[in-house]
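Note that this is a predicted model, so its numbers are computed, not measured. Each chain gets a letter, A, B and so on, in the order the sequences are listed, and its residues count up from 1. Only this structure's heavy atoms are used, side chains among them; waters, hydrogens and symmetry mates stay out.
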2 protein chains.
Amino acid sequence: MSKRSTTLASLAAELGVSPTTVSNAYNRPDQLAPATRERILAAAAERGYTGPDPTARSLRTRRQGSLGVLLTEHLSYAFEDMASVDFLAGMAEASAGASTTLTLIPAGPDTAGAPNDAQAAQLVGSAAVDGFVVYSVAAGDAYLDAVQRRGLPVVVCDQPTDSGLPFVGIDDRAAIAPAAQALVDASHTRIGILAIRLHRERLDGEVTAAQLAAADMHVQRSRVLGALDVFAQAGLDPARIPVVTRHINDPRTAYAAAEELLTKHPDLTAVLCTTDSMALGVMAYARDHGIMVPEQLSVTGFDGIAPALALGLSTVVQPNKEKGAAAGRMLASLIEGRGEVPRVLLETTFHPGRTVAPVGA
Amino acid sequence: MSKRSTTLASLAAELGVSPTTVSNAYNRPDQLAPATRERILAAAAERGYTGPDPTARSLRTRRQGSLGVLLTEHLSYAFEDMASVDFLAGMAEASAGASTTLTLIPAGPDTAGAPNDAQAAQLVGSAAVDGFVVYSVAAGDAYLDAVQRRGLPVVVCDQPTDSGLPFVGIDDRAAIAPAAQALVDASHTRIGILAIRLHRERLDGEVTAAQLAAADMHVQRSRVLGALDVFAQAGLDPARIPVVTRHINDPRTAYAAAEELLTKHPDLTAVLCTTDSMALGVMAYARDHGIMVPEQLSVTGFDGIAPALALGLSTVVQPNKEKGAAAGRMLASLIEGRGEVPRVLLETTFHPGRTVAPVGA
DNA sequence: CTGTTAGCGCTTTCAA
DNA sequence: TTGAAAGCGCTAACAG
């Protein structure tokens, strides 16, 4: 209480032992006499010394004991999406396994060209971590650039898919096929697509083929293209399949997107969504407007989040949590120094659910 | 590439300026000639120097730029509960506001008396943070002790309620009253209660009055007692109201708990749950067993998580996200040095929903 | 088993 | 406007 806080050195001095000995008492219990150790720990407790200062230790050892996580856009949106929450849960598990902490970088929204590159660099540059997992960030994102410059180990998850960095994800383009196929098998021909965030720039509404081709959010783009692959294969004209998108991913927005799609195209008999959250929005909209699912409208999703599964949504299930765990483990092993550039693709499955029915059933 | 990485000092040497000047280029742009600054930044970029090392800076400035968050039990369980996810989203918002990162401490399960106090102290003691928010941790928890010993600013959220530390939460005992009252008003007399985790020690199954009185998880205890208050007031004998509890909070467990309660007490006409996740479990069980809600069974929850609200659950809504934000802001301001011991109680509201109906309706 | 000696990379007075 | 010096608190060699 009286003097400025106790340090390892001051403790050592008061006890008449060397700093090394005190340090060993904490870090290498087997390197000193148990009696000495007891004496040191007792004195420490008495003085309110809780052990070596983490910062000083990190400076010396060059290890932080923390994995950085960079989520797309504003963190608080990320938490609204169950898929990213599951991902984080998986990372938490991996980090507990490595007994490190998890540092979340609260990335602000990064609109392309917006002048917040400096802030990105600043936040990323000053995070006390041993490496980063970058989750579902747009190609060319300022935060991603900053992370790469930082020079620490990095694992990219989901996207961008072409960064050349260690990667964990799924094959989105192939993964969505069974959902699209289910619609085709049910004889649907008037199908709409609902996607979130195809571009870094805000872009809400119906998307042109050119815009789709230029989309820089790889995951969403792959899913839309994967669905169109299947529809084209089935003889449908991709140009006649409306694609509506929204920048923000939350329930209200999903509802509005569903409304736009179904109002502009009242003849649709099926909606393929690139996320479950969107599909949930469609179902909410349908319920509110007396549209029976699947009798009058078939709906498919993507992700396999709990609420969607609980509602019996026909959807592609991806192992979100396992993805987080895999990314976390991969990062931990890169930090350990096993330095290959691995690329892990996880499996997905189609959950038939009960929201797809033959046309006019 | 060639030599060991660039440091502020080496950069300064190569440029023939002093370390101070380079430091100023990053930290006090107004303290040096713009031209000098440009030159320094350019040279830095060229050499791949991304700015002052965060650890060294922290050691020097004694600030970490990160808020620590301590969640109960295994982090990955925490993520399964939407209420804590919402809380985290709120904290993320507050931390973005303070432009700090968020450090999650992956607390392992802390059974009372288990010998992991050392690990707790270790994890908490070595986290590079400026303070902690402790979320819903049992009274006497080893992690909480470790946090207190660490001597950094701390904000307690939800529980324990009697720590004397800065606090953010709700009045759980009063908050649950409207839910209980709704059941009473609907003339229910055969009511069961489902709660999670009343004690630190694992305890699954029906709880005795003595066990309830000794519960060290304040929040759950308060909610159960608050409900019993109302029932007693209405002339029901608390001793005849079964309380079933589960240690782990996940959908499967909730389902099992519902099954236990309704199997042991088939005459129940209503179940009051102390969390929405439990209530969801009851509804799932009811659906699977052909029990109509609310016609044959009334159900109430607590929390107001999105999936529950979407299903029309009659529940007490608490501002989870706002709670996280309030805790984060309070911690940030304590770190800034505004050092009172505040105590914030947030408001709750009862969401009538449609899962309560008169007996035998 | 314990001690001595050097920094880890940075910021901060204080001077020039 | 820039520089010199002095540590922040710790651990890793290397001796003893």
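Each of C:dC10, C:dT12, C:dG7 was ranked by its minimum atom distance to the side chain of A:Arg60; first place goes to C:dG7. Nearest to the side-chain atoms of B:Pro52 among the listed nucleotides D:dT11, C:dT11, C:dC1 stands C:dT11. The side chain of A:Ser18 lies closest to C:dT2, out of D:dA6, D:dG9, C:dT2.
One can place CZ of A:Arg62 at 18 Å from P of D:dG9, the figure rounded to the nearest angstrom. At whole-Å resolution of the value, CZ in B:Arg28 and C1' in C:dT13 are 10 Å apart. Remark: P of C:dG9 and CG of B:Leu59 are 12 Å apart, rounded to the nearest angstrom. Between A:Asp53 atom CG and D:dC8 atom P there is a gap of 12 Å when expressed in whole angstrom units. Distance A:Leu32 CG to D:dA12 P: 15 Å, rounded to the nearest Å. Spacing between atom CZ of A:Arg57 and atom P of C:dG9 amounts to 18 Å, rounded to whole angstrom units. The distance from atom OH of A:Tyr26 to atom P of D:dG9 is 15 Å, rounded to the nearest whole Å. Protein atom CZ of B:Arg37 is 12 Å distant from nucleotide atom P of D:dT2, rounded to whole Å.
Close to D:dT2, at under 4.0 Å from its OP1 or OP2, lies a side-chain N or O of B:Thr36. One finds a side-chain N or O of B:Tyr49 lying less than 4.0 angstrom from the OP1 or OP2 phosphate oxygen of C:dC10.
With hydrogens and angles ignored, a donor-acceptor pair under 3.5 angstrom links the side chain of A:Thr20 to the base of C:dT4.
A donor-acceptor contact closer than 3.5 angstrom links the side chains of A:Thr21 and A:Ser18.
If you find the closest nucleotide of DNA chain D to B:Gln31 and to B:Thr61, the one lying nearer the 5' end belongs to B:Gln31. Along DNA chain C, the nucleotide closest to A:Thr21 and the one closest to B:Asn24 are compared, and the more 5′ of them pairs with A:Thr21. If you find the closest nucleotide of DNA chain D to B:Pro34 and to A:Val22, the one lying nearer the 5' end belongs to B:Pro34.
Without hydrogens or angle criteria, B:His218 side chain to B:Gln159 main chain gives no donor-acceptor distance under 3.5 Å.
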Report the C-alpha separation of A:Ser58 and B:Thr55 in whole Å, then their side-chain angles, then the decisive distance to 0.1 Å, and conclude whether the side chain to side chain donor-acceptor pair (under 3.5 Å) test is met.
CA-CA 7 Å; A:Ser58 290; B:Thr55 311; 5.5 Å; no
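The aromatic rings of A:Tyr49 and A:Tyr26 lie perpendicular to each other, with more than 60° between the two planes, well past the 30° mark.
Counting non-hydrogen atoms under 4.0 angstrom, B:Thr55 reaches nothing in the nucleic acid.
For the side-chain contact (heavy atoms from CB on, under 4.5 Å) with A:Val129, the qualifying choice from A:Thr101, A:Val69, A:Leu67, A:Leu152 is A:Leu152, the only one to do so.
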